[in-house]
Amino acid sequence: MKVSVTIEKLNGHDKEGKIGKIYKKTGDRISIGDEMFTIESGKGALNVKSSWDGTILELSIREGDVVAKGQVVGSIDAMQTGTSNTKKGYSFGLAKPEDKTLEVDVLIIGGGPGGYVAAIRGAQAGLRVALVEEDRLGGTCLNYGCIPTKAMASSVSVLENIKTSMIHGISVGDVNLDFGQLMARKEDVVNQLVGGIEHLMEAHAIEYINGKAVIDEQGKIIVHTKRTHYQFKYKDLILAIGSKPAYLPIPGSDLPDILTSEELLNMKEIPKSLTIIGGGVIGMEFAFIYRALGAEVNVVEFLPQILNILDEDVADVIRNSAEEKGIKIFESAKAMGIKNTLDGSKLLEVEINGEITSICSQKIAMAVGRSANLKSIALEKLGIELNERGNGIAVDGFMKTNLDHIYAIGDVTNIIQLAHVASHQGMVAIDHILGNCHEMDYRFVPSAIFTSPEIGNVGMTEKEARKHNLKIITGKFPFMANGKALTMGEPDGFVKIIADADSRIIIGGAIIGTHATDLMSVLTNLIESQTCIDDAAKVIYAHPTTSESIHEAILMLDNRGIHFA
Ligand code: NAI
């Protein structure tokens, strides 16, 4: 049945409104209550939600279009179960929600890369799965983390390529940046991926409920949406409830306009100057992005080295690159307090070598880690125990909590807060539920860091190996000596490989430079399969590619590199 999408309501007595964010497009599957788009006016934004389950046939609006009350802006191929727009418009929310008990094998709370991957894996194995998510599917990674950051980083990389195009003899005249368009593109990428996950939920017949899961007085999990009050009968429960940005407990950190990664991903304009507290992964990625966009950027890092988890030589390349681009780095610098100044900018008090100095900037952002969402559901009512540090849910190698049939995965366990770890933990939990035990192994988790240049890291670092008194050998090859990197004008960085000196097994590696994060998978495979130097050296790498640097670094473990002396 074809039904029209009509602008039925505007804010207050408005007769017209402007289309803001559009979340759906032609061809998208849609459920009752899904947000389709927003209409903005001076009084704020109004969310327009679907009153139908079905597929969007047409949505003839673009962001910024002015629409009037009563205007038809699209159509939906609706399933008969929907409620008409008119009916919804006049119900004023008084209709009594329907009570529904869902009987499933696995109930998953949280739809991030931990929860949604577990849901798909479970459904693939024939389990009946329900997934509850209070925000949008995709969790922090898709909506407020990896994906939007990488979309911004890609735009910035286009900008930098244009600015340096003269080295290729290409002159492009004035370069103008439309920050609004850059951010709109980022939103488009996010929306496309979130839509893809919604589709996967449907394709696998996973019961997806958009609402907040809470524990009632009887200790039962319930979800109340506008239309339905859900209760569940389940055999296994997986908690995948994620994390949120942490705030330093320093004076002024509670000022209303202190930014975190979430705000940095949704800025309306580029700040003139920005001080980032924390020179970890998030801090350094945003430092490069906002510097390339034109902001003056300071990074204040408490430890003696930015990106402290990495080896010194890797951090050195990033520090040099940052400083060349004009990012000011303060290491061994402790953020002590934040104050507002009379002109609306901010002063950050920093202790360096026992002395207090102040850094003034228009904005201050915190990137000092993420805290597990331990309060988003009453864990104590379920009897779930926390780890020894009290900062995550305690789990065993199969992601089981202290209680049988209750699992926890992803950032809420605070083991390694990375999307790909959460997804893998989700698969391990489902496998355990199915009786196929496959324990989590955290030794070979790769990380991909999108600084400029980017970094891939896997297995043991040199500094960890030395801390454990391991006898190691290292092989290092600079991109400066790689033909392909030079043709691309990307000579910075190197490939470093670490092997156990006695067994000659490759145990770790880092790549810093062009396409490092993609090249990393080669090292991950070598390390995971415990390859020894001699076997790894037999692999033929295609010429001309940057991957030849991996081969050269392997050869350098025995000082046999061909293109390096
Ligand atoms: P982080 O733990 O990587 O870095 C936080 C930094 O803040 C540390 O270096 C710490 O020494 C510093 N710090 C703490 N207190 C300070 C103070 N008083 N003054 C100055 N500096 C202080 O945490 P981050 O960067 O917020 O990332 C959170 C999580 O998200 C991490 O687990 C990270 O691995 C993950 N993530 C990973 C990404 C990737 O792999 N590409 C991207 C974004 C996040």
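Count residues from 1 along the sequence. Only a predicted model underlies this, so the values are computations on that prediction, with no experimental measurement involved.
Going from atom CG of Asn402 over to atom CD1 of Ile384 covers 7.0 Å, rounded to the nearest 0.5 Å. Atom OG1 of Thr401 and atom CD1 of Ile238 lie 11.0 Å apart (nearest 0.5 Å). Separating the CZ atom in Arg291 from the OG atom in Ser321 is a distance of 11.5 Å, to the nearest 0.5 Å. We find the CG-CG distance between Asp411 and Asn373 to be 8.5 Å, quoted to the nearest 0.5 Å. Separation of atoms CG (Leu255) and CD1 (Ile364) is listed at 8.5 Å; rounding is to 0.5 Å. Residue Met183 holds its CE atom at 8.0 Å from CE of Met267, rounded to the nearest 0.5 Å.
Leu274 and Leu259 get closest at one heavy-atom pair: CD1-CD1, 4.2 Å. For the residue pair Gly513 and Pro453, the shortest heavy atom distance occurs at CA-CB, 3.7 Å. Across every non-hydrogen atom of Ala408 and Thr413, the tightest pair is O-CG2, 3.5 Å. Listed here is the closest heavy atom pair of Ser452 and Glu160: OG-OE1, 3.9 Å. Nearest heavy atoms, Ile409 versus Ala422: CD1-O, 4.4 Å. Annotation for Asp135 and Asn210: closest pair O-ND2, 2.8 Å, computed over non-hydrogen atoms.
Between Arg370 and Thr140 the shortest side-chain heavy-atom distance falls below 4.5 Å. Two residues are said to be in side-chain contact when any heavy atoms from C-beta on lie closer than 4.5 Å; Val350 and Thr275 fail this criterion. Taking 4.5 Å as the limit, some side-chain heavy atom of Ile415 sits within range of a side-chain heavy atom of Gln425. Between Lys244 and Thr260, every side-chain heavy-atom pair lies at or beyond the 4.5 Å cut-off. Counting heavy atoms from C-beta outward, Ser50 and Lys24 have side chains that stay 4.5 Å or more apart. The shortest distance between side-chain heavy atoms of Lys325 and Val297 does not fall below 4.5 Å. Using a 4.5 Å cut-off on side-chain heavy atoms (C-beta onward), Phe450 and Thr149 make no contact. In this structure, the side chains of Leu379 and Leu239 come closer than 4.5 Å at one or more pairs of heavy atoms.
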TODO: Determine, stepwise, if the pair Val314 / Phe494 fulfils side chain to side chain contact (heavy atoms under 4.5 Å, CB included).
DONE: CA-CA 9 Å; Val314 178; Phe494 54 80; 4.0 Å; yes
- [ ] Carefully, step by step, assess Phe302 and Asn308 under the rule side chain to side chain contact (heavy atoms under 4.5 Å, CB included).
- [x] CA-CA 10 Å; Phe302 173 67; Asn308 190 60; over 6 Å; no
TODO: Show your reasoning for whether side chain to side chain contact (heavy atoms under 4.5 Å, CB included) applies to Ile338 and Met366.
DONE: CA-CA 11 Å; Ile338 303 166; Met366 293 250 179; 4.1 Å; yes
TODO: Go through the steps for Tyr290 and Met152 under the test side chain to side chain contact (heavy atoms under 4.5 Å, CB included), then give the verdict.
DONE: CA-CA 9 Å; Tyr290 274 99; Met152 286 181 79; 3.8 Å; yes
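Between Lys363 and Glu263 no salt bridge is recorded (no basic side-chain N to carboxylate O distance below 4.0 Å). Salt-bridge annotation for Lys334 and Glu351: absent, with no side-chain N of the basic residue lying under 4.0 Å from a carboxylate O of the acidic one. A salt bridge between Arg466 and Glu462 is present, with a side-chain N of the basic residue lying under 4.0 Å from a carboxylate O of the acidic one. Classification of Glu198 and Arg136 as a salt-bridged pair fails, no side-chain N sitting under 4.0 Å from a carboxylate O. With respect to Arg319 and Glu331, a salt bridge is recorded, a charged nitrogen being found less than 4.0 Å from a carboxylate O.
Side chains of Asn391 and Asn387: a donor on one and an acceptor on the other come within 3.5 Å.
The local environment of NZ in Lys339 is sparse, with at most 12 non-hydrogen atoms from other residues, nucleotides or ligands closer than 6.0 Å. Enclosure of atom CE in Met336 by more than 12 non-hydrogen atoms of other residues, nucleotides or ligands within 6.0 angstrom is indicated. His199 NE2: 12 or fewer foreign heavy atoms inside a 6.0 Å radius. Counting non-hydrogen atoms of other residues, nucleotides and ligands closer than 6.0 Å to NZ of Lys328 gives a total of 12 or fewer. Dense packing is recorded around CG of Asp254, with more than 12 heavy atoms of other residues, nucleotides or ligands lying under 6.0 Å away.
Looking only at distances, a side-chain donor or acceptor of Ser165 sits under 3.5 Å from a matching main-chain atom of Ile162. Side-chain N or O atoms of Lys463 include one that pairs as donor or acceptor with a backbone N or O of Leu310 at under 3.5 Å. Put simply, the side chain of Asp28 gets close to the backbone of Lys25: a donor and an acceptor are under 3.5 Å apart. Counting only distance, with no hydrogens or angles, the side chain of Asn191 and the backbone of Ile22 share a donor-acceptor pair below 3.5 Å. At least one donor-acceptor pair under 3.5 Å links the side chain of Lys186 to the backbone N or O of Leu265. Under a 3.5 Å cut-off, the side chain of Lys212 and the backbone N or O of Ser376 do form a donor-acceptor pair. Side-chain N or O atoms of Glu262 include none that pairs as donor or acceptor with a backbone N or O of Tyr144 at under 3.5 Å. The backbone N or O of Thr341 sits nowhere less than 3.5 Å from a side-chain atom of Ser345 that would complete a donor-acceptor pair. Of the possible polar contacts, one joining the Thr38 side chain to the Lys21 backbone as a donor-acceptor pair under 3.5 Å is found. A donor-acceptor pair under 3.5 Å links the side-chain atoms of Ser253 to the main chain of Leu248, judged by distance alone.
Taking the salt bridge (charged side-chain N to carboxylate O under 4.0 Å, His left out) definition, one finds that Lys381 meets it with nothing, sequence neighbours left out. Under the salt bridge (charged side-chain N to carboxylate O under 4.0 Å, His left out) criterion, Glu454 pairs with no residue, sequence neighbours left out.
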